[in-house]
K.L.:
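Sending over a structure as structure tokens; questions will come in a sec.
Just so we're on the same page: letters track the sequence lines, and every chain starts at 1.
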Amino acid sequence: MKEITRRPLTEIPKVYDPAAEEGRWYDFWEKKGFFRPEVNPEKPPFTIVIPPPNITGSLHMGHALNNTLQDILIRRRRMQGYEALWLPGTDHASIATEVKVEEWLAQEGTSKEEIGREAFLQRAWEWREKYGSTIVRQLKKLGSSCDWSRERFTLDEGCSRAVIEVFVRLFEKGLIYRGDYITNWCPDCQTVISDIEVEHEEKMGHLWHIKYPLKDGSGHVTVATTRPESMLGDTSVAVNPGDDRYQGFIGKTVILPIVGREIPIIADEYVNPAFGTGAVKVTPAHDPNDFDMGERHNLPKVVVIGRDGRMTAEAGRYQGMDRFECRRALVEDLKEQGFLLEIKDHTHAVGHCYRCQSVVEPLVTTQWFVRMKPLAEPAIEAVKNGEITFVPERFTKVYLNWMENIRDWCISRQLWWGHRIPAWYCRKCGEITVARQAPDGCAICGSARLEQDPDVLDTWFSSALWPFSTLGWPEETPELGYFFPTGVLVTAYDIIFFWVARMIFSSLEYTGKRPFHTVLIHGLVRAADGRKMSKSLGNGIDPLDIIDQYGADALRFSLVTGLTPGNDMRFYMEKVEGARNFANKLWNAARFVLMNLEDFDPDTGGPDAAELSLADRWIISRYNRVIGEVDRLIDGYELGEAARSVYDFLWNEYCDWYIELAKPRLYGKEDPAGRRATQATLHRVLEGTLRLLHPFMPFVTEAIWQNLPHAGASIMVAPWPRSSEGEIDESAERAMAIIIEATRALRNLRAEFGVAPGKRAEATLIAIDSEAEAILREQAAYIQSLTTADLTVVPAGGKRPAQTVAQITSNAEIHLSLKGLIDLEREIERLNKDLQQTEAELEKSQRKLSNEGFLSKAAPEIVERERGRATELAAKARRLQERLALFDQMR
RNA sequence: GGGCGAAUAGCUCAGCGGGAGAGCACCUGCCUUACAAGCAGGGGGUCACAGGUUCAAAUCCUGUUUCGCCCACCA
């Protein structure tokens with residue numbers, strides 16, 4: 001079906017206006033249903049699941065980059081004939097949202113504690129209704145071709161069902177357990193967080209040396225600590241069993257200063273004799289290592305710091321103090337009472353909450369954990385054996401290193417917004433029931449007094465299931481069967497552990513399949529000065545502002561050009577301007593083509609091959625090469641290079657040369673068949689290049705495409721271009737190289753010798769051989785039109801004109817007539833400079849060719865090329881010398 | 001303490017075994033009937049440093065320096 005909706009030329013503005021085009025094309029695509037693939041066994045599927053943005057978020061540059069990359073991949077696959085599903089959705093973002101809702105309540109003068117769990121959740125859902133889709137609307141402005149009819153939410157019914165299913169299965173398999181362990185407690189968020197949610201920051205601190213007197217009065221041991229306040233909870237002092245200094249101390253008792261508690265000196269291999277004093281105070285309730293030592297030696301746990309970060313009753317007179325306040329007070333007291341021996345500067349890593357940046361407090365709490373070792377093994381294997389590939393490859397190591405050293409995952413959170421843990425406790429007998437649905441009674445004692453665990457699951461527990469929970473798992477839906485496993489997962493390197501790793505082991509465990517075959521990792525978008533864009537620095541640039549001002553295409557293009565997978569990039573306005581200019585360039589090239597296509601009907605069949613001009617054949621050849629190039633680059637995920645490749649072709653070849661060369665043929669009246677052949681080529685190459693560019697710049701390409709004669713409803717469902725080997729024309733490319741070189745040489749002479757642009761010049765081209773002569777002669781009209789000159793082509797060895805300045809190219813001498821205006825000295829200088837350069841290069845080349853090793857070991861085609869090059873350079877040098885000799889005589 | 005990345009033109013970055021590239025900026029000339037968000041021409045680089053491998057190194061190897069990142073329970 002052919003559909004032509006061409007606009008009159010007068011309605012096409014000279015400057016491309018993205019604001020006028022983008023919105024309506026997006027609506028058009030959406031209405032036509034182009035974003036919605038079907039389960040169609042006749043066609044191959046290609047699936048990408050979006051990294052679900054938080055409902056609390058709004059689109060930032062990181063999202064813009066991430067989604068641009070996904071859109072490029074998905075649009076190309078769709079054009080290639082895949083059933084391309086880009087599955088969108090959002091994440092409930094447990095802590096982040098809970099904080100937002102609490103703020104909201106605070107504004108109303110109330111709190112979550114006051115209104116209670118149920119009311120709080122209702123408010124949270126309200127909040128989500130109100131703000132949760134902000135980011136979705138913004139993604140549409142970017143051009144994201146997501147299937148919105150399948151939009152999911154990590155807390156929706158289906159995803160929740162998957163979460164419960166997984167929890168129950170893991171529990172039944174013994175891979176989920178509950179227990180009291182030392183965990184990372186955030187006193188501000190009032191919840192435990194997992195190990196990877198703790199950010200370590202090297203900080204300058206102190207190492208306090210404190211004297212612990214022996215009970216028997218025979219002396220003391222000195223311990224070193226970075227957190228003196230924790231000593232209030234000490235229940236032992238440990239030394240290394242092999243440490244000679246302390247042999248006599250092991251088994252003795254010391255008296256804890258200030259507190260007065262009697263605690264034993266124990267021996268434990270963990271203690272490093274070389275660090276500090278070689279004696280460690282042991283606080284099992286407030287330090288992970290001490291906790292382990294406590295377990296080994298059966299030490300009591302004395303909790304001195306509470307969940308609010310304040311000292312407990314166990315802290316005696318420090319009770320109620322903030323932990324840092326207590327530190328100051330305690331140090332003072334120790335000093336006063338003579339227990340403080342020394343304070344040394346010491347840098348150490350302090351853990352901070354990734355959400356609120358508070359210093360994390362290690363506390364013993366009751367939590368749920370996932371036993372990781374058994375899950376990690378297949379996840380390691382799948383990456384090692386190449387089932388899942390990271391791009392760039394170096395992230396494989398990062399992933400494996402983490403997986404191989406993985407520790408159990410703390411999944412419970414002391415929050416309300418999220419998936420509530422499906423565990424019920426019997427108030428009567430204490431039995432724990434884990435079930436898909438609330439049980440009627442206790443399985444052991446039959447009591448109906450059951451209480452569900454108040455905690456919710458880590459947000460990442462549900463995102464880990466995203467690639468299959470969104471397709472209906474645990475149900476064996478047709479969608480799951482068809483679209484899963486997915487293809488490429490596109491994400492930034494900072495969530496490899498949080499998300500990618502967890503999707504991999506989850507998918508392997510529950511579906512038995514890999515979640516995706518490729519993980520495309522990109523970097524962070526930084527500010528122009530290289531710093532991270534952040535709210536606190538106030539240096540963030542809103543992608544929507546850029547879209548409003550320059551268009552989504554310009555934003556997308558500037559994010560993708562110059563991008564190397566895995567590397568950070570800088571965002572600066574000059575780049576956006578460049579991309580905007582490119583869109584405009586394209587727009588105007590299209591305007592030119594349209595202006596010259598008014599009497600052209602693409603349906604009357606392609607032009608006869610014989611009617612194609614050199615320029616036609618050349619641009620068709622180049623076009624086919626570029627298709628191959630772009631395919632190769634996209635297949636290798638080098639999207640930045642692919643974009644550059646189209647850019648260069650369109651601007652530097654199609655616009656700069658082909659359009660210019662097409663003009664004489666289009667304007668000429670004497671060759672209607674030739675004119676038609678050029679019209680056809682102009683149209684065909686532009687139309688095809690638009691399709692190549694469409695994944696990168698969807699809007700402008702559609703806007704233009706709809707104005708061109710076209711078949712089909714939209715460029716986004718038009719077929720992806722295919723490279724045709726048969727149309728690659730080496731001889732046309734060689735000939736064009738000669739034309740281009742000659743044209744440049746002549747333009748250069750004109751510019752350098754100040755021949756006014758409008759003025760008709762006279763030029764003589766002396767070919768180096770008969771082949772070059774033929775080409776120059778045939779194409780003389782082109783060169784004339786490109787240089788505003790009258791040309792005479794002279795065969796090799798022909799007579800040189802007098803009174804000219806010249807440039808020697810590899811295939812010709814280009815003479816510009818100056819008739820007595822020549823500055824002899826200046827010309828000699830110019831030629832000499834060229835000769836010097838040529839000779840230097842020639843010498844280099846000859847040195848290579850006289851190298852026995854080069855001749856015998858280098859690839860034959862390399863040697864051949866070098867020979868050709870040397871011959872060319874020698875000829876050029878000889879001609880330059882002749883020319884110089886001539887001027888010398890004239891002097 | 002381990003690991004990774006970056007270092008190439010004034011700036012931002014490609015290139016990653018065979019002739020140093022792009023965009024922006026800069027200089028010169030042009031409102032040439034697609035585009036001044038443009039056209040034509042031009043200048044500009046011991047590819048961080050030191051060794052090594054190779055016929056051949058910006059590119060591979062080793063080390064060094066500077067910057068950045070990630071991981072790690074020595075108090």
Side-chain angles (χ1 to χ4, degrees), chain A residues 12 14-16 182 195-196 200 207 223-227 230 238 270-272 274-283 287-292 346 348-349 351 362 392 394-395 397-398 401-402 405 407 493-494 496-497 523-524 528 530 550 554 561-564 566-575 577-596 638 640-641 644 647-648 652 655-656 659-660 663 667 744 747-752 754 756-758 786-788 841 844-845 848 851-859 861-863 865-866 869 873:
Chain A
I12 301 178
K14 270 171 86 160
V15 174
Y16 173 60
I182 197 133
D195 292 332
I196 53 173
H200 293 274
L207 200 53
V223 299
T225 181
T226 54
R227 306 180 56 210
S230 71
Y270 161 76
V271 182
N272 174 4
F275 188 89
T277 62
V280 188
K281 54 186 274 319
V282 185
T283 324
D287 181 277
N289 299 309
D290 295 6
F291 179 88
D292 291 345
H346 179 67
H348 62 130
R394 75 181 119 96
F395 288 102
K397 214 168 138 185
V398 177
N401 190 43
W402 188 76
N405 297 292
R407 287 149 59 201
Y493 56 68
D494 56 350
I496 293 177
F497 305 143
L524 272 29
Y550 296 91
T561 44
L563 184 79
T564 320
N567 286 13
D568 289 353
M569 63 163 313
R570 298 189 194 201
F571 188 88
Y572 50 101
M573 294 313 294
E574 287 85 349
K575 209 165 159 187
E577 278 170 27
R580 186 264 323 254
N581 294 355
F582 177 54
N584 191 55
K585 182 76 181 175
L586 177 59
W587 181 257
N588 278 290
R591 280 180 63 235
F592 170 84
V593 173
L594 283 170
M595 282 176 190
N596 291 285
E638 296 181 72
E641 283 297 285
R644 194 194 46 77
Y647 176 101
D648 286 348
N652 304 129
C655 290
D656 286 354
I659 284 186
E660 293 310 317
K663 282 176 182 173
Y667 301 155
R744 288 211 166 115
R747 281 172 172 172
N748 170 284
L749 288 170
R750 287 190 64 126
E752 214 162 313
L786 294 171
T787 57
T788 335
E841 276 181 56
K844 224 167 113 185
S845 180
K848 258 190 191 176
N851 181 336
E852 198 45 54
F854 177 72
L855 295 175
S856 59
K857 291 185 183 170
E861 64 269 23
I862 299 287
V863 177
R865 198 168 77 204
E866 200 58 41
R869 189 161 170 259
L873 285 166

K.L.:
Expressed in whole Å, how much space separates the C1' atoms belonging to B:G17 and B:U54?
P.N.:
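Those two atoms are separated by 9 Å.
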
K.L.:
With rounding to the closest Å, how many angstrom separate the C1' atoms on B:C49 and B:U8?
P.N.:
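After rounding to an integer number of Å, I get 15 Å for this pair.
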
K.L.:
Picking from B:A37, B:A14, B:C4, which would you name as closest to the side chain of A:Lys397?
P.N.:
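The nucleotide sitting nearest to the side chain is B:C4.
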
K.L.:
Please work out whether the ring planes of A:Tyr493 and A:Phe395 are parallel, tilted or perpendicular, with thresholds of 30° and 60°.
P.N.:
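If you compare the ring of A:Tyr493 with that of A:Phe395, the planes turn out parallel.
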
K.L.:
Check for a donor-acceptor pair, side chain of A:Asn567 on one end and backbone N or O of A:Leu563 on the other, with a separation under 3.5 Å.
P.N.:
no

K.L.:
Can you tell me, in whole Å, how much space there is between the C1' of B:G15 and that of B:A72?
P.N.:
36 Å

K.L.:
For a quick test of reading the model: is some side-chain N or O of A:Thr561 closer than 4.0 Å to OP1 or OP2 of B:A22?
P.N.:
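No, outside the criterion.
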
K.L.:
What nucleotide among B:G18, B:G41, B:A14 has an atom nearest to a side-chain atom of A:Asn567?
P.N.:
B:A14

K.L.:
Mind running side-chain contact (heavy atoms from CB on, under 4.5 Å) on A:Glu841 and A:Lys844 for me, showing each step along the way?
P.N.:
CA-CA 5 Å; A:Glu841 276 181 56; A:Lys844 224 167 113 185; 5.6 Å; no

K.L.:
Keeping A:Arg750 on the side-chain end and A:Thr788 on the backbone end, is there a donor-acceptor pair under 3.5 Å?
P.N.:
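Yes, the answer is positive, given that a donor and an acceptor are paired below the 3.5 Å cut-off.
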
K.L.:
Side-chain N or O of A:Lys844 versus OP1/OP2 of B:A56: is the shortest distance under 4.0 Å?
P.N.:
no

K.L.:
Is there a side-chain polar atom (N or O) of A:Arg644 under 4.0 Å from OP1 or OP2 of B:A14?
P.N.:
no

K.L.:
Rounded to whole angstrom units, what separation is found between the CE atom of A:Met569 and the P atom of B:A6?
P.N.:
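Rounding to the nearest Å, CE of A:Met569 and P of B:A6 are 16 Å apart.
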
K.L.:
Using a cut-off of strictly less than 4.0 Å, decide whether A:Asn748 has a side-chain nitrogen or oxygen near OP1 or OP2 of B:G42.
P.N.:
yes

K.L.:
Roughly how many Å apart are B:G21 and B:A34, using the C1' atom of each and rounding to a whole number?
P.N.:
28 Å

K.L.:
Between B:U54 atom P and A:Lys848 atom NZ, what is the distance in whole Å?
P.N.:
18 Å

K.L.:
Does any donor-acceptor pair link the side chain of A:Asn272 with the base of B:C74 at a separation under 3.5 Å?
P.N.:
yes

K.L.:
In whole Å, measure the gap between the P atoms of B:G52 and B:A57 for me.
P.N.:
12 Å

K.L.:
What distance, rounded to whole Å, do you find between the two P atoms, one in B:C69 and one in B:C27?
P.N.:
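Comparing P positions in B:C69 and B:C27 gives a spacing of 37 Å.
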
K.L.:
State which of B:G5, B:A72, B:A75 makes the closest approach to the side chain of A:Phe275.
P.N.:
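For the A:Phe275 side chain, the nearest candidate turns out to be B:A75.
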
K.L.:
Do A:Glu660 and B:A34 have a side chain to base donor-acceptor pair shorter than 3.5 Å?
P.N.:
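Counting by modelled atom types and ignoring angles, a donor-acceptor contact under 3.5 Å is found here.
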
K.L.:
Between B:C31 and B:A36, how far is it from one P atom to the other, in whole Å?
P.N.:
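Those two atoms are separated by 13 Å.
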
K.L.:
Please confirm whether the shortest side-chain N or O distance from A:Tyr493 to OP1 or OP2 of B:C71 is below 4.0 Å.
P.N.:
no

K.L.:
Between A:Arg869 and A:Glu866, does any NZ, NE, NH1 or NH2 come within less than 4.0 Å of an OD or OE carboxylate oxygen?
P.N.:
yes

K.L.:
Is A:Arg747 side chain donor-acceptor paired with the B:A40 base, going by distance under 3.5 Å alone?
P.N.:
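Checked by distance alone, the answer is no.
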
K.L.:
Heavy atoms only, 4.0 Å cut-off, all strands: where does A:Val271 land among base, sugar-phosphate and nothing?
P.N.:
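It contacts base atoms.
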
K.L.:
For residues A:Phe275 and A:Leu207, determine if any side-chain heavy atom of one lies less than 4.5 Å from a side-chain heavy atom of the other.
P.N.:
yes

K.L.:
Quantified in whole Å, what is the C1' atom distance between nucleotide B:A56 and nucleotide B:C16?
P.N.:
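About 15 Å, rounded to a whole number of Å.
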
K.L.:
Report yes if at least one side-chain N or O of A:Arg750 is closer than 4.0 Å to OP1 or OP2 of B:A40; otherwise report no.
P.N.:
no

K.L.:
Starting from C1' on B:C4, measure out to CH2 on A:Trp402 and report it in whole angstrom.
P.N.:
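Nearest whole value for this atom pair: 18 Å.
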
K.L.:
Taking atom types as they are modelled, is there a donor-acceptor pair under 3.5 Å from the base of B:C35 to the side chain of A:Lys585?
P.N.:
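Donor-acceptor pair under 3.5 Å: yes.
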
K.L.:
Tell me what A:Ala590 touches on the nucleic acid: a base, only sugar-phosphate, or nothing, going by heavy atoms under 4.0 Å.
P.N.:
nothing

K.L.:
Taking donor-acceptor contacts at under 3.5 Å, does the side chain of A:Arg869 reach the base of B:G19?
P.N.:
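Checked by distance alone, the answer is yes.
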
